[in-house]
Amino acid sequence: MSVRVRIAPSPTGDPHVGTAYIALFNYAFARHQGGKFILRIEDTDQTRSSLESEAAILRALKWVGLSWDEGPDVGGPFGPYRQSERVALYGEHAKLLIQRGKAYRCFCGAERLAELRKQQLAAKGALGYDGLCRALPAEESERRAAAGESFVVRMAMPREGDCIFRDRLRGEIKFANSGIDDQVLLKSDGFPTYHLANVVDDHLMQITHVIRAEEWISSTPKHVLLYEAFGWQAPEFVHMPLLRNKDKSKISKRKNPVSLDYYRDAGILPEALRNFLALMGWSIAADRERFTLEEMVGAFDLDRVSTGEPVFDLVKLMDLNGQYIRELSNEALVERLQEWRMGSGFMNRVAPLVRERMKTLGDFMAQGAFFFLSEIDLKASVAQMIPKERTAKETAAILKEYIERLDDPGPELGGGRRRIELNDKSLEEFSRAFCEANKWQPKELFMALRIALTGKSATPPLFSTMEVLGRELTRKRLRGAAEQLEALK
RNA sequence: GUCCCCAUCGUCCAGAGGCCCAGGACGCUGGCCUUUCAAGCCGGUAACAGGGGUUCGAAUCCCCUUGGGGACACCA
């Protein structure tokens with residue numbers, strides 16, 4: 001049987017480095033084995049998924065040099081490759097499990113579940129559904145469903161025995177069945193949860209190896225039990241280590257740039273990022289760390305992936321990137337610069353902002369350098385960010401809060417759950433409301449933002465600057481400024 | 001709290017019982033080169049978490065402790 005693996009991102013946000021990381025290892029394994037690498041979109045969360053996010057993920061994965069044999073954009077024999085287009089399938093499979101007594105309808109509402117959770121928390125016991133609806137007679141369940149009552153479908157997990165499975169990197173892993181929750185398989189909107197959709201699709205798409213991040217280990221027993229309930233053979237499981245922040249916690253955007261777009265905008269070469277990611281948990285040889293994708297494919301061996309807890313270290317990435325840049329021919333470097341931000345596309349966005357402040361063409365760089373810099377030097381200007389009546393700590397805090405709210409403005413900032421668009425008008429509106437809500441003068445906050453983003457107190461209009469800088473650089477620079485303020489004493 | 005995973009320099013990796021008083025890279029650091037700064041070259045710094053076993057022999061195997069992490073949603 002030939003190898004078939006997949007990357008299954010959920011299109012609910014920016015293209016994540018973790019996705020590229022796991023995709024890379026799936027890709028290397030598939031190619032080395034002469035198998036297929038599939039891209040499947042797991043958009044079963046109707047409220048959070050978007051086509052824009054999907055497009056961004058595909059674009060970013062291509063950017064790091066990956067390609068796939070089957071997927072929503074290229075098609076393939078096991079399509080559709082977007083789970084939202086396969087909902088009927090999951091419904092049928094859920095029904096099958098109900099008929100077999102492996103699953104049941106649950107009519108418990110959100111209030112009861114919240115109450116249950118509260119009690120369990122208070123009792124310091126195990127969290128999870130108590131199985132109330134599991135005891136419902138089939139006829140009653142049918143009748144209430146037919147009457148239009150809202151329900152979810154839960155899996156009836158075995159109450160005794162153990163669930164044992166093998167992880168390729170970690171060996172045998174054992175969970176007591178009694179500790180496995182009666183997982184929701186089908187939500188009340190008729191859409192499947194991850195667990196159902198993932199298992200059904202992996203089986204139908206004939207996936208042979210599930211290579212995914214370590215965070216999934218604890219839900220693997222649910223999946224194994226699902227395969228058993230369906231009477232299917234489970235694929236082989238390979239849980240890759242999780243990428244980490246400096247403090248060893250799971251990599252997160254509060255502590256690390258996490259979007260692939262950031263690395264692109266910050267001037268990282270895709271091949272350097274790809275190479276760096278490959279180094280997380282794997283090596284091609286003891287004394288070698290630079291290699292091409294093709295070389296990785298040629299040498300790849302899943303059994304030589306280590307299970308440590310790799311910290312994503314920007315400093316090392318930068319060094320690698322420098323090596324890649326030095327290796328480029330002059331022509332290639334100029335080409336890369338143009339593709340990046342020195343081409344007419346980006347220049348056309350910068351020029352209108354900078355031109356008013358130019359006396360000679362040469363002033364362009366002096367006035368607009370910060371649009372291109374990877375790192376803003378704030379040493380000389382940190383102190384200027386702090387308004388007269390405020391402290392460094394307060395200023396750091398407001399910058400951090402600003403970053404948070406930009407991505408997740410509460411209803412009081414008029415954003416609902418959608419993040420703020422990065423354009424002059426919405427930024428201005430948001431920022432003024434933000435000042436109001438936090439009792440900061442616009443001129444206080446705006447100067448802090450200006451310096452944090454540009455390193456200068458005299459710049460083009462703030463919000464246009466943010467728009468052109470882009471979301472990722474904006475976030476990174478504001479966070480960097482906040483950190484420098486905190487380091488002040 | 002419950003369950004699970006992990007454990008070599010500050011960081012990323014090498015090490016699959018003797019080749020290891022542990023090797024490479026980043027970082028930091030001394031020097032060379034050089035009008036400067038990088039780059040490059042030469043050198044230094046720095047680790048097998050602790051304790052028990054197994055074995056002639058353990059960084060490598062087993063157990064315990066400790067530490068770190070993850071999961072416990074009608075999110076994936």
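Note: hydrogens, waters and symmetry copies are ignored here, and every other heavy atom, side chains too, is used. Throughout, protein chains are lettered first and strands after them, A, B, ... in sequence-line order, and every chain is numbered starting at 1.
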Where the side chain of [X] is defined as all heavy atoms beyond and including C-beta, which of [options] is the nearest nucleotide?
X: A/Ser283; options: B/A76, B/C74, B/C13; result: B/C13
X: A/Pro310; options: B/C4, B/C13, B/G24; result: B/C13
X: A/Asp319; options: B/C74, B/C26, B/C12; result: B/C26
X: A/Ala286; options: B/U11, B/A14, B/C75; result: B/A14
X: A/Leu113; options: B/A7, B/C74, B/A76; result: B/C74
X: A/Glu42; options: B/A76, B/C5, B/A39; result: B/A76

Exercise for the section: Give a yes or no on whether A/Glu421 atom CD has more than 12 heavy-atom contacts from other residues, nucleotides or ligands under 6.0 Å away. Expected result: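 Counting other residues, nucleotides and ligands, CD of A/Glu421 stays at 12 neighbours or fewer.
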Base-pairing mate for [N] - Watson-Crick or G-U, with both contacts under 3.5 Å:
N: B/G18; result: B/C56
N: B/C41; result: B/G31
N: B/G67; result: B/C6
N: B/U36; result: none
N: B/G23; result: B/C13

Using the [atom1] atoms only, state how far [M] lies from [N], rounded to an integer number of Å.
N: B/A38; M: B/G44; atom1: P; value: 22 Å
N: B/C64; M: B/G57; atom1: C1'; value: 23 Å
N: B/A47; M: B/C32; atom1: P; value: 28 Å
N: B/C9; M: B/G1; atom1: C1'; value: 36 Å
N: B/G68; M: B/U11; atom1: C1'; value: 15 Å
N: B/G18; M: B/U60; atom1: P; value: 12 Å
N: B/A46; M: B/G10; atom1: C1'; value: 8 Å
N: B/C26; M: B/G43; atom1: P; value: 14 Å

How would you label the contact of [X] with the nucleic acid (heavy atoms, under 4.0 Å): base, sugar-phosphate, or nothing?
X: A/Cys108; value: base
X: A/Val184; value: sugar-phosphate
X: A/Gly322; value: nothing
X: A/Arg212; value: nothing
X: A/Lys246; value: nothing
X: A/Met280; value: sugar-phosphate
X: A/Thr44; value: sugar-phosphate

Taking only N and O in the side chain of [X], is any of them less than 4.0 Å away from OP1 or OP2 of [N]?
X: A/Arg117; N: B/A73; answer: yes
X: A/Arg304; N: B/G15; answer: yes
X: A/Lys187; N: B/A76; answer: yes

Exercise for the section: Examine distances only and state if a side-chain atom of A/Trp68 and a backbone atom of A/Asp73 form a donor-acceptor pair shorter than 3.5 Å. Expected result: no
Could you tell me the separation between the [atom1] atom of [X] and the [atom2] atom of [N], rounded to a whole number of Å?
X: A/Phe165; N: B/C3; atom1: CZ; atom2: P; value: 16 Å
X: A/Asp14; N: B/A76; atom1: CG; atom2: P; value: 19 Å
X: A/Arg290; N: B/C13; atom1: CZ; atom2: P; value: 19 Å
X: A/Leu314; N: B/A25; atom1: CG; atom2: P; value: 22 Å
X: A/Met240; N: B/C12; atom1: CE; atom2: P; value: 14 Å
X: A/Tyr324; N: B/A39; atom1: OH; atom2: C1'; value: 18 Å
X: A/Ile284; N: B/C12; atom1: CD1; atom2: C1'; value: 16 Å
X: A/Leu320; N: B/A25; atom1: CG; atom2: C1'; value: 9 Å

Problem - A/Tyr104 six-ring face occupied by A/Arg154 cation (under 6.0 Å, within 45°) - result: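 Pair A/Arg154/A/Tyr104 does not count as cation-pi.
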Exercise for the section: Measure from NZ or CZ of A/Arg144 to the centre of the six-membered ring of A/Phe107 and say whether it is under 6.0 Å with the direction within 45° of the ring axis. Expected result: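 Flagged: A/Arg144 positioned over aromatic ring of A/Phe107.
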Specify whether [X] and [Y] have parallel, tilted or perpendicular ring planes, treating 30° as the upper limit for parallel and 60° as the lower limit for perpendicular.
X: A/Phe29; Y: A/His209; result: perpendicular
X: A/Phe165; Y: A/Phe175; result: parallel
X: A/Tyr194; Y: A/Trp216; result: parallel

Problem - Nearest-nucleotide comparison on RNA chain B, the residue closer to the 5′ end among A/Val311 and A/Thr307 - result: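 Its nearest nucleotide being more 5', the pick is A/Thr307.
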Exercise for the section: Nearest-nucleotide wise, let me know which of A/Leu186 and A/Gly171 is further upstream toward the 5' end of RNA chain B. Expected result: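 Counting from the 5' end, the first nearest nucleotide belongs to A/Gly171.
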Handout entry: Trace of the side-chain hydrogen bond (donor to acceptor under 3.5 Å, both in side chains) decision for A/Tyr324 with A/Asn275
Key = CA-CA 10 Å; A/Tyr324 271 95; A/Asn275 194 152; 2.5 Å; yes
Exercise for the section: Determine whether A/Thr12 and A/Ser50 make a side-chain contact, defined as any pair of heavy atoms from C-beta on separated by less than 4.5 Å. Expected result: no
Let me check something: any side-chain donor-acceptor pairs from residues 92-102 of chain A under 3.5 Å, sequence neighbours excluded? List them with distances.
residue	atom	partner	partner atom	Å
A/His93	ND1	A/Leu89	O	2.7
A/Arg100	NH1	A/Ala229	O	2.9
A/Arg100	NH1	A/Phe230	O	3.4

Practice task
Scan A/Arg4, A/Lys36, A/Arg82 and name whichever one has a salt bridge (charged side-chain N to carboxylate O under 4.0 Å, His left out) with A/Glu70.
Solution key: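 Exactly one pass, corresponding to A/Arg4.
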Protein and nucleotides 65-70 of chain B: nitrogen or oxygen contacts under 3.5 angstrom:
residue	atom	partner	partner atom	Å
B/G68	N2	A/Glu309	OE2	2.6
B/G69	O2'	A/Arg244	NH1	2.4
B/G69	O2'	A/Arg244	NH2	3.3
B/G70	OP1	A/Lys250	N	3.0

Problem - Donor/acceptor link under 3.5 angstrom from A/Ser188 side chain onto base of B/C74 - result: yes
